[in-house]
Amino acid sequence: MALTPTNFIWMDGKLVPWEKANVHVLTHTLHYGMGVFEGIRCYKTVKGPAIFRLQDHMQRLENSAKFVGIELPYSVEELIKGVRETIKANKIEECYIRPIAFYGYGIMGLDPEGSKVNVAIAVWPWGTYLGEEGLEKGIRAKISPWLRIHPRILPPQAKVVANYANSILAKVDALRSGYNEAILLNIDGNVAEGPGENVFIVKDGKLISPPASSGALVGITRDSIIKIASDEGISFEEYDFTPNELYAADEAFFTGTAAEVTPIREVDGKPIGGGKRGPITEKLQQIFFNTVRGKEPKYEFWLDYVGK
Ligand code: PY5
């Protein structure tokens with residue numbers, strides 16, 4: 001997926017031209033993967049660009065950093081200001097937002113003690129992650145031969161750069177096998193999540209998603225869908241399920257900032273339910289898209305308007 005450049009990137013408190021937002025090849029994180037990042041979306045609304053759950057995402061960035069011992073040189077408030085500044089400077093109405101904190105240049109041993117922590121915030125237009133058609137018709141997923149990282153190996157609840165080597169292996173395997181996305185199991189054989197998405201199933205009218213203990217990153221989109229479902233009177237339960245229970249589900253879908261709410265129509269060649277987007281998925285998806293686009297007053301508290 002090729003990048004569409006914008007004009008400025010926020011780097012350590014300053015806006016620098018996109019093409020000048022570079023790092024040295026001996027940047028610590030480039031070698032060992034110890035960095036933390038976030039993925040946030042900003043949507044076009046009638047009141048101007050609105051960032052979805054910005055505070056929650058930045059809080060998670062701070063938590064991720066704390067988890068792996070990275071000392072962020074900026075507070076959540078400063079980073080929030082940075083995001084707003086970057087969107088304004090780029091005069092962009094709708095974008096993906098990527099804050100990243102990493103160990104910079106100067107130390108090359110594994111012990112990052114004394115290393116500089118650099119922070120950047122980039123924004124760029126990013127369309128539908130799993131395809132426009134996928135949103136309506138659903139995508140085809142494959143149970144991955146790669147297992148989701150175990151909490152004794154890397155912290156699954158933190159968005160650590162290194163975790164995504166596992167995600168890339170799963171994603172590429174699924175794509176090369178002719179599927180659109182992977183679903184990773186944990187070491188117990190239960191469903192954990194997608195490489196960058198949470199998984200939900202619908203069975204007998206009930207919404208189900210694996211718990212944090214499955215190794216899934218408990219996503220902010222997931223949390224939003226649970227809240228929306230509960231307001232709609234759809235009951236939600238969190239428990240572990242096997243691939244067989246996934247195959248037998250009435251509906252299945254992915255949630256994530258990039259993936260938004262994407263129906264899963266098939267897993268390992270087996271159609272889920274009717275092999276198309278199910279009615280509960282469609283309903284939740286519709287409310288979700290209305291919410292992020294500022295058309296659901298009930299959930300406006302999740303939006304952070306940038307101002308025109
Ligand atoms: N699980 C993993 C491993 C993730 O990376 C993500 C987000 C999610 C679940 C969903 O979390 P949330 O709803 O809070 O976004 N993935 C990033 C995203 O921006 C990166 C994807 C390439 O969606």
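Each ligand, and each atom within it, is numbered from 1 in the order the structure gives.
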Notebook entry, point to check: Among protein heavy atoms, which lies nearest atom 6 (C) of ligand 1, and at what distance?
Noted result: Gly196 O, 3.3 Å
Note to self: Please report whether ligand 1 has a polar contact with Trp126, defined as an N or O pair separated by less than 3.5 Å (distance criterion only).
What the structure shows: no
Check: Of the protein's non-hydrogen atoms, which lies at the shortest distance from atom 15 (O) of ligand 1, and what is that distance?
Finding: Thr257 OG1, 2.6 Å
Check: When you measure from atom 23 (O) of ligand 1 to every protein heavy atom, which one gives the shortest distance, and what is it?
Finding: Ala258 N, 2.8 Å
Note to self: Testing the 3.5 Å rule here: is there a donor-acceptor pair between the side chains of Glu251 and Thr281?
What the structure shows: yes
Margin query: Do the side chains of Glu232 and Lys283 get close enough for a salt bridge, i.e. N-O under 4.0 angstrom?
Written below: yes
Note to self: Below 4.0 Å from ligand 1: does a non-hydrogen atom of Arg60 turn up there or not?
What the structure shows: yes
Next item on the list: State the atoms of ligand 1, each with its element, that fall below the 4.0 Å cut-off from a heavy-atom position in Glu193.
Entry: 1 (N), 2 (C), 3 (C), 9 (C)
Margin query: Show the atoms of ligand 1 that are less than 4.0 angstrom away from any heavy atom in Ile220.
Written below: 12 (P), 13 (O), 14 (O)
Next item on the list: State the atoms of ligand 1, each with its element, that fall below the 4.0 Å cut-off from a heavy-atom position in Pro195.
Entry: 3 (C)
Note to self: Test your reading of the structure: does His57 have an N or O sitting under 3.5 Å from an N or O of ligand 1?
What the structure shows: no
Note to self: Any nitrogen or oxygen of Gly219, side chain or backbone, less than 3.5 Å from one on ligand 1?
What the structure shows: no
Next item on the list: Would you mind checking which non-hydrogen protein atom is closest to atom 19 (O) of ligand 1, with the distance to 0.1 Å?
Entry: Tyr96 OH, 2.4 Å
Next item on the list: Scan side-chain atoms only and decide if Tyr299 and Asn290 contain a donor-acceptor pair under the 3.5 Å cut-off.
Entry: no
Note to self: Using side-chain heavy atoms (C-beta onward) and a distance below 4.5 Å, is Leu147 in contact with Asn186?
What the structure shows: no
Item checked: Ionic contact status for Arg60 with Asp56, cut-off 4.0 Å -> no
Notebook entry, point to check: Just distances here: any N/O of Tyr164 and N/O of ligand 1 closer than 3.5 Å?
Noted result: yes
Next item on the list: Look at atom 13 (O) of ligand 1 and say which protein heavy atom is nearest, naming residue and atom and giving the distance to 0.1 Å.
Entry: Thr221 OG1, 2.6 Å
Margin query: Below the 3.5 angstrom mark, is there an N/O of Tyr129, backbone or side chain, next to an N/O of ligand 1?
Written below: no
Checklist line | Distance-only polar pair, side chains of Ser177 and Lys142, donor-acceptor under 3.5 Å | finding: yes
Checklist line | Closest protein heavy atom to atom 17 (C) of ligand 1, given as residue, atom name and distance to 0.1 Å | finding: Lys159 NZ, 3.1 Å
Notebook entry, point to check: Any nitrogen or oxygen of Ala259, main chain or side chain, under 3.5 Å from a nitrogen or oxygen of ligand 1?
Noted result: no
Item checked: Neighbour count >12 (heavy atoms, 6.0 Å) for atom NZ, Lys298 -> yes
